[in-house]
Amino acid sequence: MRTFRAATSILLRTSQCSIPRAAQRIRLRPNPSIRPIPAIAVGSQARLYSQDAPPSKIYSFEDVKAFVEKPDPDRILIDSREPGELQATGTIPGSLNIPVTSKPDSFFITAEEFEERFGFERPSKVQEVIFYCKSGVRSRTAAALARQAGWDNVAEYQGSWLDWDKNGGAKEGGR
């Protein structure tokens, strides 16, 4: 048994020492015939072999305020914050809550599963869906997910809740 351990120890020591020496002897030279694979940067990630997603339509405080004052059944305002945030701050009147962080698959599930999960009908692909969150980051993610799931008429209120609250927009619920 001692002989086996000694042989194993010597073998491991030599193999560990030889790796750096081998790496020093090999020199890689660039090959001009090899070209990098084109990638499209999206946020902090690069996606290979995809197309640029069409940009969302961007709405301002005044636009969203007009939507709230005169609701349109072909336009749905979606709050992508978590339910706890809504209870603390309230929401923009008439908006629906579809939290993107805890339920990112919401637009990928069936209409029946969606209604069971949220208690209201999933927005149709014909309706314009306008996303907002607290500061505009999660709403951008939610809009991208909706586009990936097949919704074409996607928009964002980039100012989101912070802009709405700062400008004195009406609110529903909250403390």
Side-chain angles (χ1 to χ4, degrees), residues 36-175:
I37 298 172
I40 298 169
V42 177
S44 62
Q45 300 176 341
R47 298 184 310 174
L48 301 176
Y49 304 109
S50 65
Q51 297 175 352
D52 278 326
S56 295
K57 187 170 184 178
I58 305 299
Y59 286 117
S60 67
F61 171 79
E62 290 77 21
D63 297 326
V64 176
K65 185 177 178 188
F67 303 153
V68 169
E69 291 171 353
K70 191 175 180 184
D72 180 355
D74 292 331
R75 181 177 286 137
I76 296 180
L77 192 58
I78 298 174
D79 191 334
S80 56
R81 297 178 293 163
E82 295 299 310
E85 293 175 86
L86 305 179
Q87 292 170 353
T89 62
T91 64
I92 296 174
S95 65
L96 301 175
N97 179 230
I98 303 175
V100 70
T101 305
S102 61
K103 296 177 175 54
D105 63 337
S106 298
F107 283 91
F108 296 92
I109 59 178
T110 66
E112 293 78 25
E113 286 177 280
F114 185 95
E115 192 166 350
E116 188 176 301
R117 183 184 289 183
F118 295 106
F120 54 87
E121 281 186 31
R122 181 173 73 179
S124 79
K125 293 187 179 185
V126 176
Q127 293 173 305
E128 179 180 31
V129 288
I130 306 165
F131 292 95
Y132 78 95
C133 59
K134 181 179 179 182
S135 63
V137 176
R138 288 175 283 181
S139 62
R140 185 177 312 121
T141 301
L145 287 169
R147 277 193 302 276
Q148 286 176 7
W151 273 259
D152 295 324
N153 202 359
V154 177
E156 298 172 49
Y157 171 29
Q158 283 187 332
S160 287
W161 179 257
L162 293 177
D163 184 56
W164 184 261
D165 193 42
K166 179 184 81 175
N167 286 304
K171 71 178 192 177
E172 208 171 63
R175 296 180 192 150

K134 vs L162 side-chain heavy atoms within contact, under 4.5 Å: yes

Side-chain heavy atoms of F118 within contact of K103, under 4.5 Å: yes

Salt bridge present between D105 and R117 (N-O < 4.0 angstrom): yes

Note, W164 side chain near Y132 side chain (heavy atom, < 4.5 Å): no

Verdict with supporting geometry, L145 and V100, side-chain contact (heavy atoms from CB on, under 4.5 Å): CA-CA 9 Å; L145 287 169; V100 70; 3.6 Å; yes

Considering all heavy atoms, the nearest G136-C133 contact: N-SG, 3.0 Å

Minimum side-chain heavy-atom gap D79-E85 below 4.5 Å: no

Nearest-0.5 Å distance that lies between atom CG in D152 and atom NZ in K125: 8.5 Å

Distance, nearest 0.5 Å, that separates OG of S135 from CG of D163: 11.0 Å

Heavy-atom pair of closest approach, residues P93 and K171: CD-CA, 4.1 Å

Gap separating the CD atom of E156 from the OG atom of S139, nearest 0.5 angstrom: 5.0 Å

N97 and T91: CA distance, side-chain angles, deciding distance, side-chain contact (heavy atoms from CB on, under 4.5 Å) verdict: CA-CA 9 Å; N97 179 230; T91 64; over 6 Å; no

Side chains of R147 and S56, donor plus acceptor under 3.5 Å: yes

Nearest atoms (heavy-atom pairs only) where R122 meets S106: CD-O, 4.5 Å

Donor on one side chain, acceptor on other, D63 and Y157, under 3.5 Å: no

Considering all heavy atoms, the nearest E128-A155 contact: OE2-CB, 3.6 Å

T89 and D165, any side-chain heavy atoms less than 4.5 Å apart: no

Residue pair N153 / V126: nearest heavy atoms and the distance that separates them: ND2-O, 3.9 Å

Straight-line distance of E121 CD to E112 CD, nearest 0.5 Å: 10.5 Å

Side chain W151, main chain S124, donor-acceptor under 3.5 Å: yes

Ring geometry between F107 and F114 (parallel below 30°, tilted from 30 to 60°, perpendicular above 60°): tilted

Pairwise side-chain contact, V154 with F131, heavy-atom cut-off 4.5 Å (strictly under): yes

Rounded distance [0.5 Å steps], CD in E82 versus CZ in R138: 6.5 Å

Beyond-backbone contact of F67 with I130, side-chain heavy atoms, under 4.5 angstrom: yes

Minimal non-hydrogen separation, E172 against I92, with atom names: OE1-O, 4.5 Å

